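Only this structure's heavy atoms are used, side chains among them; waters, hydrogens and symmetry mates stay out. By convention here, the first residue in the shown sequence is residue 1. Not measured: the values here are computed from a predicted model.
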Amino acid sequence: MWAWWSEMLWDPTKVGLVAAWFTGGAALVGVVISAAVSTIVSRRAVYINAVTSERSKWIEALRDTISNLSAAADRVVTLRQAKAADYAGSVEWATDTQEMHRLMTDLVLRLNPTEPEALNLLKAARKLNAAARLHSSAAGMRADEVMGRHAQWVLKAEWERVKEEAAGWSQALRFRYRRWRRRSAYNRFLLRDGSLEKLDVIGAGKADLELTLLRSQMDVA
């Protein structure tokens, strides 16, 4: 084989043929590589578009569930305070509390049971559910405020995932740093406005004025 190649390379009449082989081979390799890269890029684009679209739908659906739960809880606690015995035990009460139960179930099914942000959001939502059924409007407003703050973190984390998936591996280090910063900020949040201990005052004999003042302090923060 080596002798054949030596003959081909040193024979002036065949140098052009060898050059044509190499040129054609390089062109063929280039076409193959280009096609492979194009296929990989197009498949990734399809994957990213599909995942981004589904995550966007999930985020919008979660936002709707949370806002609807907030509205349903506000309706229950408001009518319970206004109508008292006429509302409790009525068909209207049964319909409204059933709707709250449906929204709570929807929230549970939408959230990841292994993520701290999701678990804390569920705790706040359950406290809002209980406050609407059992306690005053001030208690319901406080629970709603805490739930909303936790919902912001869950929704923000999902948008960050969308951006990270779209950016690809080239931005992995930057997004890892952003995740670290977000985790640090979330831990600080749990020590302040996001502390679930703020919900312990509900049902603990606090007056409505005290609950309202506590909520207004969160607004200022």
Side-chain angles (χ1 to χ4, degrees), residues 50-162 165 182 186 189-190 193-206 208 211-212 214-216 218-219:
V51 171
T52 300
S53 176
E54 290 304 313
R55 280 198 185 278
S56 297
K57 292 177 184 177
W58 181 91
I59 290 169
E60 289 302 319
L62 179 60
R63 183 182 287 113
D64 288 343
T65 296
I66 292 169
S67 62
N68 289 337
L69 176 60
S70 174
D74 182 62
R75 172 182 169 80
V76 168
V77 72
T78 300
L79 290 179
R80 192 167 54 79
Q81 297 291 316
K83 296 184 177 182
D86 292 336
Y87 179 61
S90 67
V91 174
E92 190 178 17
W93 160 269
T95 301
D96 292 342
T97 53
Q98 184 181 44
E99 175 63 7
M100 278 207 307
H101 178 72
R102 185 190 69 80
L103 291 167
M104 282 296 303
T105 301
D106 186 66
L107 184 62
V108 169
L109 295 176
R110 289 188 184 281
L111 295 177
N112 189 332
T114 64
E115 294 181 350
E117 293 94 337
L119 293 176
N120 289 334
L121 172 58
L122 280 176
K123 290 178 183 177
R126 290 186 176 113
K127 195 69 174 182
L128 172 61
N129 183 46
R133 294 168 184 266
L134 302 172
H135 304 298
S136 67
S137 58
M141 291 176 65
R142 180 163 178 76
D144 185 59
E145 181 71 28
V146 175
M147 183 189 72
R149 299 290 179 99
H150 280 275
Q152 288 178 315
W153 283 93
V154 173
L155 294 169
K156 177 63 176 176
E158 288 303 318
W159 276 120
E160 284 294 311
R161 287 193 181 99
V162 170
E165 288 168 348
R182 190 168 65 251
Y186 183 69
F189 166 73
L190 290 178
D193 282 356
S195 173
L196 295 177
E197 293 180 359
K198 293 180 179 296
L199 297 175
D200 293 341
V201 297
I202 296 175
K206 296 287 185 180
D208 285 357
L211 294 173
T212 302
L214 288 171
R215 180 179 178 275
S216 65
M218 293 180 66
D219 291 336

Distance-minimising heavy-atom pair for [X] and [Y]:
X: Leu119; Y: Pro113; answer: CD2-O, 3.5 Å
X: Leu107; Y: Ala125; answer: CD2-CB, 3.5 Å
X: Asn129; Y: Arg133; answer: OD1-NE, 3.1 Å
X: Ala132; Y: Val76; answer: O-CG1, 3.5 Å
X: Ala143; Y: Ala131; answer: CB-CB, 4.4 Å
X: Arg126; Y: Met104; answer: CG-CE, 3.5 Å

In Å, rounded to the nearest 0.5 Å, how long is the span from [atom1] of [X] to [atom2] of [Y]?
X: Ser90; Y: Leu79; atom1: OG; atom2: CG; result: 8.5 Å
X: Leu190; Y: Leu196; atom1: CG; atom2: CG; result: 7.0 Å
X: Asp86; Y: Glu92; atom1: CG; atom2: CD; result: 10.5 Å

Under the salt bridge (charged side-chain N to carboxylate O under 4.0 Å, His left out) test, which residues partner Glu158, sequence neighbours left out?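 Checked Glu158 against salt bridge (charged side-chain N to carboxylate O under 4.0 Å, His left out); matches are Arg55, Arg161.
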Salt bridge (charged side-chain N to carboxylate O under 4.0 Å, His left out) against Arg182, all qualifying residues, sequence neighbours excluded: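 Arg182 satisfies salt bridge (charged side-chain N to carboxylate O under 4.0 Å, His left out) with Glu160 once adjacent residues are dropped.
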Heavy-atom side-chain proximity of Asn120 to Tyr186 below 4.5 angstrom: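 A side-chain contact exists here, since the closest heavy-atom pair is under 4.5 Å.
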Close side-chain approach of Ser56 and Trp159, heavy atoms under 4.5 Å: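 They are in side-chain contact.
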Indicate yes or no for a side-chain donor-acceptor contact from [X] to the backbone of [Y] under 3.5 Å, with no hydrogens or angles considered.
X: His150; Y: Gly194; result: yes
X: Trp58; Y: Arg110; result: yes
X: Arg149; Y: Asp193; result: no
X: Thr78; Y: Arg75; result: no

List the steps, then state whether salt bridge (Lys or Arg N to Asp or Glu O under 4.0 Å) holds for Arg102 with Asp106. CA-CA 6 Å; Arg102 185 190 69 80; Asp106 186 66; 5.4 Å; no
Listed partners of Ser70 passing side-chain hydrogen bond (donor to acceptor under 3.5 Å, both in side chains), at least two apart: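 Listed in chain order: Asp144.
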Contacts of Thr95 that satisfy side-chain hydrogen bond (donor to acceptor under 3.5 Å, both in side chains) - sequence neighbours left out: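 Per chain and number, Thr95 pairs via side-chain hydrogen bond (donor to acceptor under 3.5 Å, both in side chains) with no residue.
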Under the side-chain contact (heavy atoms from CB on, under 4.5 Å) test, residues paired with Asn68 that sit two or more places apart: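 Once residues adjacent in sequence are excluded, the partners of Asn68 under the side-chain contact (heavy atoms from CB on, under 4.5 Å) criterion are Asp64, Leu103.
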Should Ile66 and Val154 be marked as a side chain to side chain contact (heavy atoms under 4.5 Å, CB included) after you check the CA-CA gap, both sets of side-chain angles, and the distance that decides it? CA-CA 11 Å; Ile66 292 169; Val154 173; over 6 Å; no
Are any of the side-chain nitrogens in Arg63 or Glu60 under 4.0 Å away from the carboxylate oxygens of its partner?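 Salt bridge: yes.
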Derivation of the side chain to side chain contact (heavy atoms under 4.5 Å, CB included) call for Leu69 and Met147: CA-CA 10 Å; Leu69 176 60; Met147 183 189 72; 3.9 Å; yes
So, using ring-ring contact (aromatic ring centres under 6.0 Å, His included) as the criterion, who are the partners of Trp93 when residues are at least two apart?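 ring-ring contact (aromatic ring centres under 6.0 Å, His included) check on Trp93 returns Tyr87.
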Neighbour count above 12 (heavy atom, 6.0 Å) for Gln98 CD: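 Open.
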